[in-house]
Protein chains: 2
Amino acid sequence: MKTLSTYLPILDWGRRYNRAQATDDLIAAVIVTIMLIPQSLAYALLAGLPPEIGLYASILPLVAYALFGTSRALAVGPVAVVSLMTASAVGELATQGTPEYLGAAILLAFLSGLILIAMGLFRLGFLANLLSHPVVSGFITASGLLIAASQLKHILGVSASGHTLIEILASLVERIGTANVYAMAVGVPATAFLFFMRARAKPLLRRAGLGPRAADILVKAGPVAAVALTTLAAHQFALGDKGVKLVGHIPSGLPTPTLPSFDPALLRDLLVPALLISVIGFVESVSVAQTLAAKKRQRIAPDQELIGLGAANIASSISGGYPVTGGFARSVVNFDAGAETPAAGAYTAIGIALATLFLTPLIADLPQATLAATIIVAVLSLVDLKALTRVWAYSKSDFAAMAGTILVTLGFGVEPGVLAGVGVSLALHLYRSARPHMAVVGIVPGTEHFRNINRHDVITGDKVLSVRVDESLFFANSRYLEDRLLELVAERPAIEHMVLVCTAVNEIDASALESLEEINRRLGDGGVTFHLSEVKGPVADRLKGTEFLAHLTGSVFLTQYEAFAALDPETAHIAEARRPRKATPGPFWIGPQI
Amino acid sequence: MKTLSTYLPILDWGRRYNRAQATDDLIAAVIVTIMLIPQSLAYALLAGLPPEIGLYASILPLVAYALFGTSRALAVGPVAVVSLMTASAVGELATQGTPEYLGAAILLAFLSGLILIAMGLFRLGFLANLLSHPVVSGFITASGLLIAASQLKHILGVSASGHTLIEILASLVERIGTANVYAMAVGVPATAFLFFMRARAKPLLRRAGLGPRAADILVKAGPVAAVALTTLAAHQFALGDKGVKLVGHIPSGLPTPTLPSFDPALLRDLLVPALLISVIGFVESVSVAQTLAAKKRQRIAPDQELIGLGAANIASSISGGYPVTGGFARSVVNFDAGAETPAAGAYTAIGIALATLFLTPLIADLPQATLAATIIVAVLSLVDLKALTRVWAYSKSDFAAMAGTILVTLGFGVEPGVLAGVGVSLALHLYRSARPHMAVVGIVPGTEHFRNINRHDVITGDKVLSVRVDESLFFANSRYLEDRLLELVAERPAIEHMVLVCTAVNEIDASALESLEEINRRLGDGGVTFHLSEVKGPVADRLKGTEFLAHLTGSVFLTQYEAFAALDPETAHIAEARRPRKATPGPFWIGPQI
């Protein structure tokens with residue numbers, strides 16, 4: 001039943017909120033805030049926006065999600081992939097650094113929020129399933145590579161551009177001569193340090209005698225240390241005068257809430273990007289939220305998550321921010337740090353608000369190369385090229401969808417990448433269901449079971465042809481069904497009865513019903529009676545009362561055994577008399593335990 | 001095995017061609033020629049082209065199809081729906097009556113021919129299955145209504161225009177004041193006469209003592225009679241001077257073969273229309289060809305049909321014609337008249353060539369209103385509004401696809417109509433497969449069968465939960481599967497084993513495999529063992545060697561009975577001891593005969 005607390009989950013967990021939970025939430029919030037300050041600045045730069053926009057997108061959105069979201073560990077805010085998608089969408093419409101660019105990004109957040117809320121209210125969360133796991137994984141990997149490549153220019157201290165991997169790399173190679181030694185002197189060690197902190201520091205700190213939590217906090221503070229050290233160095237050596245790009249003056253103070261300006265032409269141009277950002281953001285967010293909820297036997301409500309993320313984006317927009325979603329890395333940190341309720345997010349928001357008020361003057365000298373290093377290290381952990389070999393081993397068509405998504409994303413950009421992934425997934429699914437697997441089945445001696453004659457030691461008679469079709473019958477495969485069944489009968493002139501075994505038929509649509517009528521008619525013309533067996537309840541309900549059933553030359557049997565026994569009692573008798581293959585039941589492969 | 005005769009079917013039937021077949025083919029050709037002369041002129045006008053283009057499209061294409069086609073009864077040439085689609089596509093790019101308009105139509109035929117041949121060579125005939133029967137039927141109905149409405153202007157003798165039903169009707173209402181009495185004096189009786197001939201004349205002629213074939217030929221000659229009578233009347237009363245539009249001077253003589261001019265910009269603009277025309281033309285053609293072939297226990301080869309129709313369109317293009325396909329009405333006439341081989345089409349081509357050479361001077365005075373009358377009568381027979389109620393009764397989602405196609409076609413034109421139909425079909429299919437039917441099953445006492453606990457009198461234990469999922473597991477439903485299975489377990493705290501019954505699972509893609517791993521992990525965390533049963537051969541082959549199987553907490557059982565007997569032997573024993581519901585097997589509904 002829908003109650004107010006379905007739409008406002010805070011009413012549910014808020015009532016039972018206690019001091020122990022508050023303590024845990026506060027500790028988690030401190031850790032996430034430390035992590036979020038450099039990330040929010042870095043992702044804003046990745047999106048082509050002034051750094052303070054990243055801070056703005058990390059305050060109100062977190063409060064909105066705390067009110068409307070259902071995940072207890074999700075850390076909402078700017079994330080790498082959505083920042084890249086924002087840059088790609090807004091970059092088409094305005095020049096970076098102009099008020100139009102900023103306005104478009106703010107409007108994009110608003111539109112994306114509206115779309116998410118609408119999807120939530122209409123319970124359209126299932127649309128996110130159109131992105132198969134390999135497509136999402138391929139997209140994230142390719143985006144990670146694109147983002148890392150796009151940040152190399154800051155490490156090298158050159159100005160380069162491009163939306164595809166080739167454009168970016170070509171642009172870098174062209175400008176490599178203008179590389180700034182001072183920028184590299186900041187960027188390269190910063191990157192190396194951050195990689196070290198992420199990959200190796202924790203075991204070393206543990207061995208040095210630190211407790212697990214202290215080691216964890218130290219590791220997570222790595223980016224803050226890098227920020228502090230390089231800012232100091234930049235200030236000390238006046239690196240800004242030596243061509244090293246610094247973050248520069250950031251207006252301190254909280255954002256003033258305003259509505260974005262609604263330009264109809266801009267709205268139209270941003271619609272498709274907003275839709276893609278919403279769906280990708282939702283998929284990324286809901287995956288991590290579900291994984292974390294499962295670890296504590298909690299559940300999240302995907303449709304309510306849409307509303308929570310939508311509210312966060314609206315909040316981001318009216319406080320001058322850009323599109324946000326639940327980030328993978330920060331959410332895991334939030335969870336590991338012990339966040340118990342969405343309140344942790346609200347506390348993080350307070351932390352960022354304080355940083356916005358008091359820390360901004362300190363980071364004017366922060367080199368952009370340091371932020372680029374934090375981005376590169378963060379996104380490369382999302383790149384999972386091993387998934388390609390894993391998927392290849394299991395399914396060539398999933399591999400095709402994944403590889404296609406990666407190649408199109410790298411070669412043509414993020415929007416074509418997502419669209420290609422969805423298109424390939426759908427096309428392969430239709431191609432497979434258009435040519436369903438069909439098996440001629442015979443009876444397993446001594447049982448009432450029927451199995452594929454090509455795979456099992458079974459008995460068939462000459463008179464009855466039993467065919468199992470391993471797919472629902474619908475428009476995409478109905479003509480193929482006609483062709484195959486008539487071909488199978490044509491190959492066996494002695495056949496008197498054809499039984500279609502419907503164990504795997506979950507639906508018969510109007511096209512397939514016409515095809516069944518046609519099969520019945522053509523078989524009837526050739527003196528072959530047409531029967532169905534194992535028709536499922538919902539399918540049977542709809543068949544009742546159709547013309548097909550009135551015209552059917554044969555019968556509809558509850559089970560295939562009943563069909564076989566009625567149509568060819570002699571062979572059924574022979575099969576019954578034979579000993580079963582095995583005396584006792586048992587699994588045909590055994591897992592690790594039973 | 002592919003031989004030369006696969007690609008050139010004439011080598012197959014041509015070798016055995018005999019005098020009896022030739023006689024039958026000739027008779028059919030005469031009847032089809034009589035029918036085709038007015039139709040080809042009328043459809044060319046419908047496409048916005050000079051009337052002789054219809055004749056050109058009825059000569060070489062028929063010869064090309066006779067060489068490459070596999071249907072023995074298909075009558076290729078101009079058809080109503082494709083003519084309308086041509087008018088709609090070319091009308092966007094050029095003004096009717098200009099050489100550019102004609103050039104674009106000719107190029108459209110060429111492009112459409114190339115697309116069809118490419119689809120045939122790559123065996124992509126299955127793509128036509130993306131159009132479900134209700135969508136095709138809705139599209140044909142709506143096109144018929146559109147065409148009939150578009151021809152009313154000729155009957156009324158006004159000039160009107162529009163691509164949608166509302167535009168056309170609004171334009172007619174606006175100009176109704178300028179209606180030409182003389183045009184109406186020709187058009188209204190001609191329409192009435194043709195309706196009468198089609199609907200009522202045959203029984204009357206039979207009762208008047210004519211044999212069935214003679215009556216048939218007379219009825220089919222109805223349009224020719226209308227053409228002759230109204231041409232005479234127009235000549236006699238100089239109707240052309242009284243504002244009645246006549247066909248006018250038609251250049252006599254055969255077309256000179258030339259290549260169309262390939263303008264890259266035009267090619268790009270025509271690509272999507274050519275694709276839609278190819279697919280719609282192919283679907284229409286292959287449906288009628290299959291229906292007619294089945295009546296004589298013959299088969300057609302859909303992929304070779306693509307090549308035959310492609311060759312026909314290329315032939316049409318190089319002889320100055322426009323897109324063609326196999327027409328429904330003429331093919332049925334061809335079949336009924338006794339056509340035995342594709343040679344009948346070649347003979348028809350000779351008939352049209354003779355008409356082009358010698359009859360054109362005679363039809364200069366033919367009123368366009370007469371041609372409009374033949375079109376209206378022909379297309380209204382394609383309108384099948386009863387199909388809407390039939391489909392509504394069987395399937396609401398198929399009805400939605402059909403009604404959507406009709407409304408979009410009438411309201412926005414033919415191309416949006418087809419695209420909407422495909423889109424709605426796909427969306428509904430995905431929506432259904434995204435939320436598959438799942439049933440908790442129990443054992444039917446005294447048998448080894450398992451059935452839905454909500455529909456059958458079955459036995460279940462407390463320890464084992466067996467769930468049958470009635471759909472292949474793939475990206476669109478994998479998350480839903482996770483949610484539902486965990487929900488079902490959460491509702492039953494006593495459960496120790498969960499068995500997923502895979503009778504209906506024909507595929508498990510990489511996304512679903514991840515979901516199964518996740519389910520296994522989460523159930524394992526909760527102390528519930530996860531098992532599979534009834535896994536099909538192809539699915540089992542792919543599961544072997546995956547990590548999922550290594551991690552599976554339970555087992556994979558060949559049959560659900562084996563799973564149940566192994567996991568809950570006590571309940572299995574109780575179920576075995578109970579008497580079966582019925583002593584003898586029998587169908588649960590009986591068709592008319594067994």
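Every chain is numbered from 1 and lettered A, B, ... according to where its sequence line falls, protein lines coming before strand lines.
Looking at B/K536 and A/R468, their side chains come closer than 4.5 Å, going by heavy atoms from C-beta outward.
Contact count against chain A (heavy-atom pairs under 4.5 Å) is highest for B/F475 among B/Y480, B/F474, B/F475. In terms of heavy-atom pairs under 4.5 Å with chain B, the best-connected choice from A/E514, A/R390, A/M402 is A/E514. Counting heavy-atom pairs closer than 4.5 Å to chain B, the top residue among A/G537, A/S511, A/S515, A/P134 is A/S511. Comparing B/G545, B/A476, B/S137 by how many heavy-atom pairs each has under 4.5 Å with chain A, the most go to B/A476. The greatest number of non-hydrogen atom pairs below 4.5 Å with chain A, out of B/A401, B/A393, B/A510, B/S395, is found for B/A510. Among the candidates B/P538, B/P436, B/S397, B/S472, the residue making the largest number of heavy-atom pairs closer than 4.5 Å to chain A is B/P538.
Listed here is the closest heavy atom pair of B/T405 and B/G138: CG2-C, 4.4 Å.
For a residue to count as touching a neighbouring chain, one of its non-hydrogen atoms must lie under 4.5 Å from one of that chain's; by this rule A/E507 touches chain B with the side chain only. Of the two parts of B/I508, the backbone and the side chain both hold a non-hydrogen atom closer than 4.5 Å to a non-hydrogen atom of chain A. Using a 4.5 Å cut-off between heavy atoms, B/S478 touches chain A through its side chain atoms alone. Both the backbone and the side chain of B/D483 come within contact range of chain A, each with at least one heavy atom under 4.5 Å from a heavy atom of that chain. B/R542 touches chain A through backbone and side chain together, each having a heavy atom under 4.5 Å away. Heavy atoms of B/D509 lying under 4.5 Å from chain A belong to its backbone as well as its side chain. With a threshold of 4.5 angstrom between heavy atoms, B/D470 approaches chain A through its backbone and through its side chain.
A side-chain donor-acceptor contact under 3.5 Å links A/E448 and B/H449. Side-chain N/O atoms of B/E534 and B/T503 include no donor and acceptor closer than 3.5 Å.
Under the ring-ring contact (aromatic ring centres under 6.0 Å, His included) criterion, A/F399 pairs with A/W392, not counting sequence neighbours.
No more than 12 heavy atoms of other residues, nucleotides or ligands shown are found within 6.0 angstrom of NZ on A/K386.
Using a 4.0 Å cut-off between charged nitrogen and carboxylate oxygen, A/E517 and A/R521 do not count as a salt-bridge pair. The existence of a salt bridge linking A/R484 and A/E487 is confirmed by a sub-4.0 Å separation between a basic side-chain nitrogen and an acidic carboxylate oxygen.
No donor-acceptor distance shorter than 3.5 angstrom exists from the side chain of A/H497 to the backbone of A/T529, with no hydrogens or angles considered.
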